[in-house]
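Side-chain atoms are counted along with the backbone in the values below, which use heavy atoms only and exclude waters and symmetry mates. Keep in mind that what you see is a predicted model, and the values were worked out from it rather than measured. Order of the sequence lines sets the chain letters (A, B, ...), proteins ahead of strands, with each chain counted from 1.
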Amino acid sequence: DTGVSQDPRHKITKRGQNVTFRCDPISEHNRLYWYRQTLGQGPEFLTYFQNEAQLEKSRLLSDRFSAERPKGSFSTLEIQRTEQGDSAMYLCASSDQGTGNQPQHFGDGTRLSIL
Amino acid sequence: GENVEQHPSTLSVQEGDSAVIKCTYSDSASNYFPWYKQELGKGPQLIIDIRSNVGEKKDQRIAVTLNKTAKHFSLHITETQPEDSAVYFCAASMNNNNDMRFGAGTRLTVKP
């Protein structure tokens, strides 16, 4: 399977705990995106990497959230001191770098449930 | 920033009928408009996209139209099949699509 891979698929944790998610993009894609999706809504942009550089962050990305892409390949998204409102599906997408907009391809997400 | 509105929120059609989903956007600088299909427990899957330099694009039973003046675009599915049942999302972005904005989704049900 050469699509976007996310791990774990599901995460259940208690409020106040830290969680980390991993995303492996399509291998030749140098752009990587994180989104959050709550029930009945479309995905909301969180942050974007081009290679290892984090180039844009949404105001939705509070200081409890941090994302890294150290070698320009896989990425991790960490949430510290989780809160009930963090319960959502966290989606990763990747795209090629080309002239203008390039299609973003999504993984199947990590569903986070905060008890 | 960009705001994308999508309607209807739910749509039920009989197998073989056509389905149309409409979206409007607010920022005239947006120039890329993809459509995604999301099945239960899965991530969004790109089904078709259109750029602002064309008014219509077709791929088998799926077509998308874009009206830049009115700032709206639509997804048309013809000869619907039960497998088309899913949630469909429209989206809009500007150059380099760093901050793509999605509509709230349309739940399409195709009755056999």
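- We find the CG-CD distance between B/Leu46 and A/Gln104 to be 9.5 Å, quoted to the nearest 0.5 Å.
- With a threshold of 4.5 angstrom between heavy atoms, A/Gln41 approaches chain B through its backbone and through its side chain.
- Looking at B/Tyr36 and A/Pro43, their side chains never come closer than 4.5 Å, going by heavy atoms from C-beta outward.
- Counting heavy atoms from C-beta on, the side chains of B/Arg51 and A/Asn101 come closer than 4.5 Å.
- Residue A/Arg111: no heavy atom, backbone or side chain, is found under 4.5 Å from chain B.
- Applying a 4.5 Å heavy-atom cutoff, none of the residues of residues 105-112 of chain B approach chain A.
- Side-chain contact between B/Phe102 and A/Tyr35: present, with at least one pair of heavy atoms (C-beta onward) separated by less than 4.5 Å.
- In terms of heavy atoms, A/Leu91 sits closest to B/Gly43 at CD2-CA, 4.1 Å.
- Within 6.0 Å of atom CD in B/Glu5, 12 or fewer heavy atoms from other residues, nucleotides or ligands are found, so the atom counts as exposed in its surroundings.
- In this structure, B/Ile77 is a member of the same hydrophobic cluster as B/Ile47, with clusters built from ILVMFWY side-chain heavy atoms closer than 4.5 Å.
- Side-chain contact check for B/Phe89 versus A/Gln37: some heavy-atom pair is nearer than 4.5 Å.
- The greatest number of non-hydrogen atom pairs below 4.5 Å with chain A, out of B/Arg101, B/Gln38, B/Gln45, is found for B/Gln38.
- Per-residue counts of heavy-atom pairs under 4.5 Å with chain B were compared for A/Gly42, A/Gly109, A/Gly40; the largest is that of A/Gly42.
- The hydrophobic clustering, which links ILVMFWY residues whose side-chain heavy atoms are closer than 4.5 Å, places A/Leu61 and B/Met100 apart.
- Remark: A/Leu55 CG is packed, more than 12 non-hydrogen atoms of other residues, nucleotides or ligands lying under 6.0 Å away.
- In this structure, the separation between CG on B/Asp49 and CD on A/Gln102 is 9.5 Å, given to the nearest 0.5 Å.
- With a 6.0 Å radius and a threshold of 12 heavy atoms from other residues, nucleotides or ligands, B/Gln60 has its CD atom at or below the threshold.
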